[in-house]
Each structure stands twice: as C-alpha cells, then as structure tokens.
Amino acid sequence: VWKVEGHDEL
Amino acid sequence: MNLFRLFGDLSHLASIFILLHKIRTTRSCRGISFKTQALYVAVFVSRYLDILWEWVSLYNFVMKVFFIASSCFILYLMKMKYRPTHDPSIDTFRVEFLVGPCALLALIFNYKFTFTEVLWSLSIFLESLAILPQLFMLQRTGEAETITTHYLAALGAYRALYIPNWIYRYFSEGVVDPIAVTAGLVQTALYADFFYVYFTTVIQGQKFELPA
C-alpha cells in the first residue's frame, strides 16, 4: 500500500 | 491523473500568474515575502532537478520547468527590478528555524537513503512550511492587497485539492505516499486561518484585514 517508488506528482 | 490533481496543478499555475500580475500591475512586490519565494526556489530546484535524469511525461516535464523558471524569475523581480519596493524589516521570519529541522526530518524520513531521495524528502518538508514567512508577514502587517490574497487562496487551493487526489488514488490505485500526505496535510492546515478570513472578507467584497 505504501508508494515508495517514483515521484509522479508535482 | 485525476481531476483533483489536474485542478490542483492548474490552481498552482494560476497562483504564479496572479503573483506575476500583482508585481507587474502594481510595479511593486509590497506584501510579498521574499523568504517564502526564496524557499519555493529551493523547493522546486531540489525536487524537480530529476527532469535531468527521469522522464515521467510531457505534462510533468513542462510543469517542472515552468515552476523552476517562474520561481527564479519572481526572485529576480523582487531582488533586482522591484528591489526598492521590498521591505526586509517586515519580512522577519527566521527561516533557519525551518531549514534545519526539515533537513533533519529528510535524513530520517525518506524512501531511500540516497542523495536524490533525501533531497526529494527535504523539498516536501520544506514546501509544507515555506508559506510560513508569508503568513507571518501578513499577521504582522494585519492587512493585504486583495490581489495578494487571491494569490494565497490559489496556492492554498492547490494544496487542498491534492488531498482528495490522494484519497482518490488510494481507492483507484491502492497506493499512499505517506511522506507527501503527512507534509501535505500539515501544509493545508496552515492555510485554515487564512481561508477563514479570506472567505469572510475578500469574497464578500471587503478588504482583507486581520482583527487587531
């Protein structure tokens, strides 16, 4: 559930 | 991409254009905190430098370039072109009290202990507090030009819209970015008092004035 890979938001 | 995020980003874009419009038309950066604007440059440069080695999308790339360029341009306007209109004696928030703790937090809370990931965390924590010098200045002067309050409202709306975006992403993609969400909630909460005054005065057509 934790998003730890890649940053697609600004 | 969902509508909350799109409108959040558009609101962020709008806030920059409102700020540029304010500086241009009044030929002054009175009421704008240089410290907050300088923090935004630090935030955008440390977070968006990944355009040099990471490709997400054209949208992502264009937005990142725009935010780095526009924040630097605003700093130039404040420091060079309209320098005499900036009064450092009311922009007195102690930024070092923000940067130190944020750096410490970034070293502890990050997704990977690498230079770029720590830098990303730092930018997230720093952004959540970057508005404080501006709000502090508002508190000190007790009033603001209407256009400046529109700038702050657009900036606050951008942060507020990211919250339903995260809720939407949790249900549609099943992912949560705990660092961004925690910092984002703090950042949005900082606008609560401002929004209260904004909606009860500016939206009713009155001048933005804080009670003495």
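Note on naming: letters A, B, ... go to the chains in the order of the sequence lines (proteins, then strands), and numbering restarts at 1 for each one.
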Subject >> Residues of residues 95-106 of chain B near chain A, each having a heavy atom less than 4.5 Å away >> reply: none
Original post:
Side-chain contact, heavy-atom cut-off 4.5 Å: Val175(B) with Trp2(A)?
Top reply: no
Original post:
Around atom CZ of Phe7(B), are there more than 12 heavy atoms of other residues, nucleotides or ligands at under 6.0 Å?
Top reply: no
Original post:
Is atom OH of Tyr82(B) surrounded by more than 12 heavy atoms (other residues, nucleotides or ligands) closer than 6.0 Å?
Top reply: yes
Original post:
Side-chain contact, heavy-atom cut-off 4.5 Å: Glu9(A) with Met1(B)?
Top reply: no
Subject >> Part of residues 49-77 of chain B lying next to chain A, heavy-atom separation under 4.5 Å >> reply: Val56(B), Tyr59(B), Asn60(B), Met63(B), Lys64(B), Phe67(B)
Original post:
For Tyr170(B), is it the side chain, the backbone, both, or neither that has a heavy atom closer than 4.5 Å to a heavy atom of chain A?
Top reply: side chain
Original post:
Glu127(B) versus chain A, heavy atoms under 4.5 Å apart: side chain, backbone, both or neither?
Top reply: neither
Subject >> Nearest-0.5 Å distance that lies between atom CG in Leu10(A) and atom CZ in Arg47(B) >> reply: 8.5 Å
**OP:** Select one option (side chain, backbone, both, neither) describing which atoms of Asn110(B) are under 4.5 Å from chain A's heavy atoms.
**Re:** neither
Subject >> Inter-residue atom distance His7(A).NE2 - Ser123(B).OG, 0.5 Å rounding >> reply: 8.5 Å
